[in-house]
2 protein chains.
Amino acid sequence: MAQADEQQEHGSVSRETSRDTGTLGKLMVLLDLVTHADAPLRFTDILALAGQPRGTLHRQLGHLVEEGLLELDAEGRYAPGLRLLDLAARSWARNEFRLIAAPHLAALHRQTGETVHLGVLRGSSIIYLDKVEGHQPVRMYSQIGNASPCYCTGVGKAALSVLPSARLDALLPGLNFNRFTPSTHVRPETLLAEIRDIAAAGHAFDREEHEAGIRCVAAPIWSDDRSFIGGVSVTGPAYRLSMELLQAWAVPVQLTAMKIMDEMRIRLGPRR
Amino acid sequence: MAQADEQQEHGSVSRETSRDTGTLGKLMVLLDLVTHADAPLRFTDILALAGQPRGTLHRQLGHLVEEGLLELDAEGRYAPGLRLLDLAARSWARNEFRLIAAPHLAALHRQTGETVHLGVLRGSSIIYLDKVEGHQPVRMYSQIGNASPCYCTGVGKAALSVLPSARLDALLPGLNFNRFTPSTHVRPETLLAEIRDIAAAGHAFDREEHEAGIRCVAAPIWSDDRSFIGGVSVTGPAYRLSMELLQAWAVPVQLTAMKIMDEMRIRLGPRR
DNA sequence: TGATTTGTTCCATTATTTGGAACTCAATTT
DNA sequence: AAATTGAGTTCCAAATAATGGAACAAATCA
């Protein structure tokens, strides 16, 4: 089983590295297809995308629908199912890392007045686990649970800066750089150079690299054995957050990250 | 210590009606086991709960972990995986019903100043799809995605009131009533009687039936063919929301439900 | 009306899952 | 230190489920 070890899926790209998870793997490919689409898919659309025999696909989709992972509307279109929400809600509610971090995020928010994010590195994506923001009407799922690329987000670059070099070397070639803004990294070399600087400084900036007009400063959070890597950030509009201000906030952001790590060692054991 | 932040409702727990979804069904049982537990489970715990041969279980869990649906920590304990968050975020972001309802929920919130919920009936549970609330620090997953029983929530009882009687008759005997507060319904007869009243009135109250000190008024939302049933509600603390006030709010809540239904007919087609 | 696209069912073949047992490794007891 | 227990992992013939081609409906089009 010469399988790629651990790193996986870069965003919405198809999974070339087919995992050896038997039947489940095939079904997850379908689930990904439907959830990554930006509109409900007809049977034939999926047929073309999945490239499987009609009979097989029909049964697979039927199973996914019966389990509530997909939903089939009256017009015969497949959409992500509500079962996913229930499962995710439980996953989130109990996540130990998030629970530990929550009070520290709140404190950082009070200190800065800007939006605070908590994210985890998963493969080459950052999955946002929590955020604390102001009074705007809540659109939480718009961030929480969302997977963003690691190469153009503050939390992502901070996370990469504490990744063991072997894993970093394995991950970099697999990235497919997407130029979101003029300042997005698009070459592994420049990214790697910045990651070195970040590792030395202990914090990372997002200089409008993911979204024009949005800046952030982030610090990495990691377990001793690097089996867990994430980060915390303060984000806001560029007109309000000068680079000087962000530079000043690097200290409280790093302190927050350290407090979270300290508590993780206490609560989850120092080992890992 | 990480547990217990969540009220544990176990609505339709064990699946007696083993679905015919082959391998997927068996894996989903495991996923449910782990996500419904209130702490990470060790291999042996799951072995006891699932009642399967060790070899089989080991491979199944391995597949779930490899797909990111479960996570295995350094101490050998299984917890829900982050992949679920990503999937759910996409499911939520695109949900047509939620998107249609959102502006109407916001309007209702402006009108009442209290928390507004949007929920969908799924089996015998209400899954909350959205909420609009005040300025308190956001704990959104604490509601969104959460499955609550239908017999003791405003949205749930409103939903039941528009359920075709055949489906209601099929659903009632399967409920296992859990007395959350002194006023929780615990017998199908009294629940059925109230549902009749709700059907006549067009709105439902939650008189501290799910959580002591919390009241709400809700109205049902349904598609013509009843393939889709949900509801909208205004919720708040009993000391602030007298029954008279709730009674007065029944009108705007019902109006909100109707506006949402009107727009659903336009956007999703009147057929269903 | 016939032709075409779309969705569904069937079933022999094939591949995966199953489950008992043997094995490893660590912790605990004698 | 040796033996015992407990927890987790690996193996492989047998049982079972998935596969995919083709035939069958059902809608849509020309």
Side-chain angles (χ1 to χ4, degrees), chain A residues 1-3 5-6 15 17-34 37 39-67 69-79 81 225 227 269-272, chain B residues 15 17-34 37 39-67 69-79 81 225 227 268-272:
Chain A
M1 0 217 92
Q3 211 73 271
D5 41 18
E6 162 83 21
R15 89 165 76 191
T17 342
S18 181
R19 274 176 272 223
D20 184 22
T21 50
T23 304
L24 177 62
K26 297 166 198 161
L27 293 173
M28 292 306 291
V29 169
L30 292 182
L31 196 51
D32 269 350
L33 267 180
V34 175
L41 258 37
R42 312 270 237 51
F43 180 83
T44 316
D45 304 329
I46 305 177
L47 187 64
L49 290 167
Q52 292 203 75
R54 304 153 76 77
T56 300
L57 183 66
H58 190 260
R59 178 183 37 76
Q60 288 171 332
L61 290 174
H63 284 178
L64 288 169
V65 168
E66 202 170 345
E67 286 293 342
L69 299 175
L70 289 183
E71 259 158 39
L72 177 58
D73 67 23
E75 287 85 30
R77 303 175 317 168
Y78 291 86
D225 66 359
S227 66
R271 223 171 314 291
R272 61 165 218 170
Chain B
R15 95 166 64 195
T17 337
S18 186
R19 274 176 272 224
D20 182 23
T21 49
T23 304
L24 177 61
K26 296 165 198 160
L27 292 173
M28 292 306 293
V29 169
L30 292 183
L31 196 51
D32 270 349
L33 266 179
V34 175
L41 259 37
R42 322 199 57 213
F43 180 84
T44 316
D45 304 329
I46 306 177
L47 186 64
L49 290 167
Q52 293 201 73
R54 305 155 74 79
T56 300
L57 183 66
H58 190 258
R59 178 182 39 76
Q60 289 171 330
L61 290 174
H63 284 178
L64 288 169
V65 168
E66 201 170 346
E67 286 293 343
L69 299 175
L70 290 182
E71 260 158 36
L72 176 58
D73 67 23
E75 286 85 31
R77 304 176 315 168
Y78 292 87
D225 65 359
S227 66
L268 304 181
R271 226 170 311 289
R272 60 163 219 171

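Throughout, a chain's letter reflects where its sequence line sits, starting with A, and its residues are numbered from 1. These numbers come from the heavy atoms of this one structure, side chains and all, not from hydrogens, waters or symmetry mates. Bear in mind that the values here come from a model prediction, so they are computed numbers and not experimental data.
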Can you see which heavy atom on B:Leu64 is nearest to which on B:Leu27, and at what distance? CD1-O, 4.0 Å
So if I define the base as every atom that isn't primed, P, OP1 or OP2, how would nucleotides 5-22 of chain D read as a B/S/- string at a heavy-atom cutoff under 4.0 Å? --BBBB------SSBBB-
Which atoms form the tightest heavy-atom contact between A:Leu69 and A:Leu31, and what is the distance? O-CD1, 3.6 Å
Residues B:Tyr78 and B:Val34: closest non-hydrogen pair is O-CG1, 3.7 Å
List the atom pairs, donor and acceptor, that lie under 3.5 Å between side-chain atoms in residues 39-49 of chain B and the rest of the protein, sequence neighbours left out.
from	atom 1	to	atom 2	distance (Å)
B:Asp45	OD2	B:Arg42	N	2.9

Output, in order, the C-alpha distance, side-chain angles, deciding distance and verdict of side-chain contact (heavy atoms from CB on, under 4.5 Å) for B:Leu30 and B:Gln52. CA-CA 11 Å; B:Leu30 292 183; B:Gln52 293 201 73; 4.3 Å; yes
Between the side chains of B:Thr21 and A:Glu67, does any donor sit under 3.5 Å from an acceptor? yes
Start with the C-alpha distance between B:Leu57 and B:Gln60, add both sets of side-chain angles, then the distance that settles side-chain contact (heavy atoms from CB on, under 4.5 Å), and finish with yes or no. CA-CA 5 Å; B:Leu57 183 66; B:Gln60 289 171 330; 4.1 Å; yes
For chain B, the stretch of DNA chain C it reaches, first to last nucleotide, under 4.0 Å of its heavy atoms: C:dT17 to C:dG20
